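We name chains A, B, ... by the order of the sequence lines, and we start the count at 1 in each one. This is a predicted model, so every value here is computed, not measured.
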Amino acid sequence: MSLTFDFVSPEPAATDRVTLFADVILPLPLPKLYTYRVPYEMNDEVVIGGRVIVQFGAKKTLSCIVAAVHETPPAQYQAKYILEFIDDAPVVTQPQLKLFRWMADYYMCTLGEVINAALPSALKLSSESRIQLHPAFVAEGSPYPISEPEQQILTALSTEDGKSMTFTEVGELLGVSSFHKVIKSLMQKDIIFLFEHLADKYSPKVVKKVRLAHHFIEESALETLFGQLAGRPKQLDVLMRYLQRVPVYQNIHANHRGLEKSALTSSPHLSPSAVNTLIKNGVLEQFDVIVSRFPLDDEPEAKLHFTFSEAQTTARDEILTQFSQRDIVLLHGVTGAGKTEIYIELIRNALDGGGQVLYLLPEIALTAQIVTRLMRVFGTRLGVYHSKFSDNERVEVWNGVLSGRFQVVVGVRSAVFLPFDNLALIIVDEEHESSYKQYEPAPRYNAREVALMMANYQGAKTLLGSATPAVETYYQTRAGRWGLVQLTKRFGEAGLPEIELVDTRKHREAKKMHNHFTPELLSEIERKLGLQEQVILFQNRRGYSPFINCLDCGWIPKCKNCAVSLSYHKHSHELRCHYCGYNDRMPVECPACGSRALKTVGFGTEKIEDDLKIMLPAANVQRMDLDTTRAKNSYQQIIADFENQVTNVLVGTQMVTKGLDFANVSLVGIINADSIIHYPDFRAHERAFQMFVQVSGRAGRKGKKGKVIIQTADPTQVIFDKVIRNDYLEFYEYEIGQRREYGFPPFMRVIRLTVKHVDQLLAEQAAILLTQELVERLGREAVLGPEAPYIFRIRNFYLQEITVKIDREHTVLKQAKAHVLAAMNVVKDQKEFKQARLVADVDPM
DNA sequence: AGCACGCCGACT
DNA sequence: GTCGGCGTGCTC
């Protein structure tokens with residue numbers, strides 16, 4: 001990039017001119033800020049939180065965020081000049097910078113890593129960034145004046161369809177170094193848009209739709225048409241279906257909006273060629289619609305009205321009362337009690353007071369349904385921040401929050417990074433969810449904790465919602481620090497489901513198991529299907545079987561990068577590693593001995609689906625797990641099919657435990673409860689309890705009492721008793737006792753350190769040294785390990801884990817983290833461990 | 001994170 | 001004899 005800065009030699013000093021320096025945050029994992037010099041004539045242009053372009057190292061030009069401006073020249077080195085100023089207003093606000101500093105500190109990572117995670121990549125410019133003409137831009141129709149350099153770029157981009165240019169090329173074209181302002185201006189006028197990688201090139205999602213040709217809308221014309229089609233039953237079928245789906249007469253606009261063509265062509269009862277014939281003969285007309293990535297309901301509801309139950313009204317009032325004394329309130333409400341309506345009320349309330357609102361949901365729960373519902377209430381004031389969104393869409397939300405266009409944002413984990421500066425309320429729904437915690441890469445933050453800190457900084461209230469609150473959260477309410485509001489009644493008077501435990505060991509000994517189904521579960525499924533009711537089956541493992549085994553020589557295929565056996569996936573006929581993604585074809589014969597006796601061992605969702613299809617051929621079984629929902633809209637499709645009762649049985653992993661409510665589900669089966677309970681982790685019981693209760697909550701809606709069948713080899717395990725009676729409190733009392741006794745959160749804080757090394761011995765040695773250094777600084781009792789985790793090698797790295805327990809008190813915690821960092825640095829500075837990677841995870845989940 | 005500088009194996 | 005492997009250190 002031709003970004004050699006032709007710095008104009010300073011004017012003779014008329015007045016005492018100040019020399020300004022800016023500390024910038026580079027979007028890199030570097031421990032400190034870098035100081036650049038502001039050119040005199042740009043002194044008025046520096047904005048804290050604005051982006052500037054600097055040269056970093058010999059080659060790289062990067063955009064970064066100004067974190068501070070001062071007059072202290074660096075003593076050790078000559079500061080380079082800032083090359084360009086992109087923004088005249090902050091893109092990162094002051095409250096954000098404060099929050100990001102806290103995050104870097106608390107989660108033991110660099111500010112650069114936080115910035116990197118926070119900014120949508122279209123805000124992170126580099127010389128490799130590319131621009132493309134906006135598909136919606138038409139040269140004649142632009143309402144904005146276009147400057148000379150802008151026109152130059154426009155012309156260059158118009159030479160061919162979809163042409164793109166890098167910033168370097170733009171710089172060369174214009175022959176000046178300061179072209180970012182031009183690009184920014186073009187972006188604001190919606191003439192171009194920006195992307196980082198060729199893969200991000202804008203390709204609008206187009207849906208083919210059909211509608212009735214307008215001259216048939218007339219009732220008499222339609223009569224005639226029916227007459228003409230009398231001898232063409234297939235075409236008549238299509239037409240009937242169309243009229244059935246689109247209320248042409250009740251609503252004139254309905255026909256204009258039309259119907260997705262696929263709704264007609266993919267129906268098993270209709271002939272696709274008949275659809276095409278109708279189009280060819282001009283009865284139906286086909287048209288394309290550019291749709292949002294987020295499939296929204298295209299039938300806006302005229303008015304939103306929900307009637308609050310008495311319990312809901314009471315809960316809402318109580319929350320408001322508690323907020324007058326406390327900043328944080330937990331809404332403990334059983335599934336199906338109608339928490340969302342309460343949220344909507346509270347959001348409306350906060351907006352009326354002039355503040356901003358952030359509504360966080362776990363990824364899996366941020367569905368089209370909830371967005372549509374919120375859209376109907378909040379209209380264009382609502383921004384949606386979802387990980388499935390393209391970068392351009394994310395920048396739009398970011399800028400919308402900055403400009404005040406979006407007052408409410410509903411979003412996933414990363415929405416805590418958005419540039420709010422006037423928050424009145426944050427809602428964290430399903431606050432116990434582990435998906436609020438980011439594992440990889442840094443920052444390893446928990447959005448719930450970040451939200452609480454952000455609310456604290458901005459003087460906002462926080463409402464946490466859950467049917468099964470995290471033990472840490474409930475503890476805070478018990479200690480009187482946070483408020484607690486209970487919402488125990490299910491909406492519409494549906495009782496809690498009846499839960500039955502079935503002993504798989506007994507059945508197995510008596511040879512009564514049908515594959516992995518107990519007779520109880522199987523007959524109950526049959527019974528429910530006979531009643532036209534639906535069934536959800538939960539199995540917390542995907543694939544067909546966790547491994548295969550040669551019956552003759554005992555060979556078991558293992559992953560070459562990880563210390564795990566390869567899972568068998570029948571559908572794709574592959575062996576796959578669930579940790580690194582390695583896959584191989586399923587062998588016909590054993591590569592070790594040539595035997596063909598390869599047997600699958602254990603079971604996952606795929607096998608459950610398979611077995612059920614064989615045992616109950618009449619049932620329509622669908623599977624929902626990572627493998628069937630990878631494609632873009634397949635998740636929506638599976639949900640829609642189940643909702644419309646196209647499928648009767650839904651088999652799935654965790655995905656089926658949360659999110660959607662289905663009115664017709666009357667039975668939930670947990671195929672193997674034991675694999676969930678027996679997990680080597682202090683949170684295993686909590687996770688199991690949450691999972692059982694959440695999945696049970698899927699059973700029985702709209703007045704129907706549901707049933708849950710839990711299959712286990714040992715029905716006497718203590719946790720079941722609490723699940724059956726849905727006794728959160730008793731579970732909590734038991735669990736908190738355990739946590740106190742063994743010194744786990746909320747009584748202590750945990751930092752998990754992981755040492756990774758390609759060499760097993762070096763990993764162990766580095767971990768031993770790290771442990772010694774930790775013990776020296778924190779004491780023996782604070783350090784657990786080192787220990788190789790159950791899966792001790794992932795992606796060719798051998799792992800060692802050390803758990804550090806620290807007192808919760810703030811000053812102690814801060815000090816302890818400094819000690820941990822010091823210990824880590826000792827190991828890093830050892831040259832034999834140069835290739836070791838050390839990772840700190842604060843508050844791991 | 002990149003990228004340059006710097007020391008040891010298979011090639012014209 | 002050189003080209004290039006990636007190990008280590010630095011970037012205001």
Side-chain angles (χ1 to χ4, degrees), chain A residues 1 3-5 7 18-40 42-43 45-46 48 50-86 97 100-101 103-104 107-129 166-168 177 196-197 438 440-444 755-759 761-763 765-766 795-797 824-840:
Chain A
M1 176 154 36
L3 270 187
T4 41
F5 188 80
F7 185 61
V18 287
T19 305
L20 294 182
F21 294 91
D23 296 339
V24 302
I25 310 169
L26 292 155
L28 301 172
L30 299 166
K32 51 196 180 112
L33 302 185
Y34 284 74
T35 306
Y36 285 84
R37 185 171 168 178
V38 179
Y40 291 121
M42 296 298 188
N43 277 5
E45 307 263 330
V46 234
I48 291 179
R51 287 169 303 165
V52 295
I53 297 203
V54 297
Q55 174 124 46
F56 185 64
K59 273 235 171 73
K60 270 182 298 192
T61 34
L62 292 169
S63 75
C64 49
I65 303 286
V66 176
V69 178
H70 54 85
E71 292 177 34
T72 325
Q76 311 296 315
Y77 51 84
Q78 186 68 43
K80 284 187 186 172
Y81 280 103
I82 290 175
L83 300 179
E84 235 194 294
F85 295 79
I86 305 173
L97 280 173
F100 292 173
R101 282 201 186 93
M103 280 181 80
Y107 290 107
M108 300 173 74
C109 65
T110 69
L111 249 185
E113 285 169 323
V114 178
I115 281 285
N116 218 3
L119 294 186
S121 54
L123 290 178
K124 291 179 276 185
L125 311 175
S126 75
S127 48
E128 302 318 309
S129 301
T166 64
F167 277 27
T168 312
S177 61
E196 284 298 304
H197 305 285
Q438 170 156 312
E440 276 293 318
R444 295 174 175 78
V755 178
K756 310 181 188 186
H757 203 292
V758 283
D759 185 298
L761 188 66
L762 285 170
Q765 288 172 346
R795 291 171 195 272
N796 283 322
F797 279 90
M824 288 169 79
N825 282 330
V826 169
V827 178
K828 273 188 208 159
D829 288 346
Q830 217 78 34
K831 66 173 178 299
E832 62 262 48
F833 299 137
K834 272 276 144 38
Q835 288 186 77
R837 290 191 203 173
L838 305 186
V839 172

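- Distance Leu30(A) CG to dA1(B) P: 9 Å, rounded to the nearest Å.
- For the side-chain contact (heavy atoms from CB on, under 4.5 Å) test, residues two or more places apart in sequence or in another chain that qualify with Val69(A) are Leu20(A), Val46(A), Ile48(A), Val66(A).
- Under the rule for a side-chain contact (heavy atoms from CB on, under 4.5 Å), the partners of Thr35(A) that lie at least two apart in sequence or sit in another chain are Phe21(A), Asp23(A), His70(A), Pro74(A), Tyr77(A).
- Atom CG in Leu28(A) sits roughly 9 Å away from atom C1' in dT11(C) (whole-Å rounding).
- Residue Leu26(A) contributes atom CG, which lies 14 Å from atom P of dC3(B) at whole-angstrom precision.
- Residues satisfying the ring pair (Phe, Tyr, Trp, His ring centres under 6.0 Å) criterion with Phe85(A), sequence neighbours excluded, are absent altogether.
- Stacking is not found between Tyr34(A) and the pyrimidine-like six-membered ring of the dT11(C) base under the 5.5 Å centre-distance and 30° plane-angle cut-offs.
- For Arg795(A), the side-chain contact (heavy atoms from CB on, under 4.5 Å) criterion is met by Cys580(A), not counting sequence neighbours.
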Do any N or O atoms of the protein come closer than 3.5 Å to N or O atoms of nucleotides 4-6 of chain B, and which pairs are they?
residue, atom, partner, partner atom, Å
dA4(B), OP1, Lys59(A), NZ, 2.7

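- Considering only residues two or more places apart in sequence or on other chains, Arg444(A) meets the side-chain hydrogen bond (donor to acceptor under 3.5 Å, both in side chains) condition with Glu440(A).
- With rounding to whole Å, His70(A) atom NE2 is found 10 Å from dC12(C) atom C1'.
- Whole-Å rounding puts the Leu62(A) CG to dC12(C) P distance at 10 Å.
- Distance alone, capped at 3.5 Å, places no donor-acceptor pair between the Asn116(A) side chain and the Pro29(A) backbone.
- Within the 4.0 Å cut-off from OP1 or OP2 of dC12(C), at least one side-chain nitrogen or oxygen of Tyr36(A) is found.
- One can place CD of Glu113(A) at 7 Å from P of dA1(B), the figure rounded to the nearest angstrom.
- In this entry the distance linking NZ of Lys60(A) with P of dC3(B) reads 6 Å, nearest Å.
- Here Gln438(A) pairs with Arg413(A) under the side-chain hydrogen bond (donor to acceptor under 3.5 Å, both in side chains) rule; sequence neighbours left out.
- Residues passing the side-chain contact (heavy atoms from CB on, under 4.5 Å) test with Lys80(A), sequence neighbours excluded: Tyr36(A), Gln55(A).
- Gln55(A) places its CD atom 8 Å from the P atom of dC12(C), with the value rounded to the nearest Å.
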Can you pull every protein N or O that's under 3.5 Å from an N or O on nucleotides 4-10 of chain C?
none

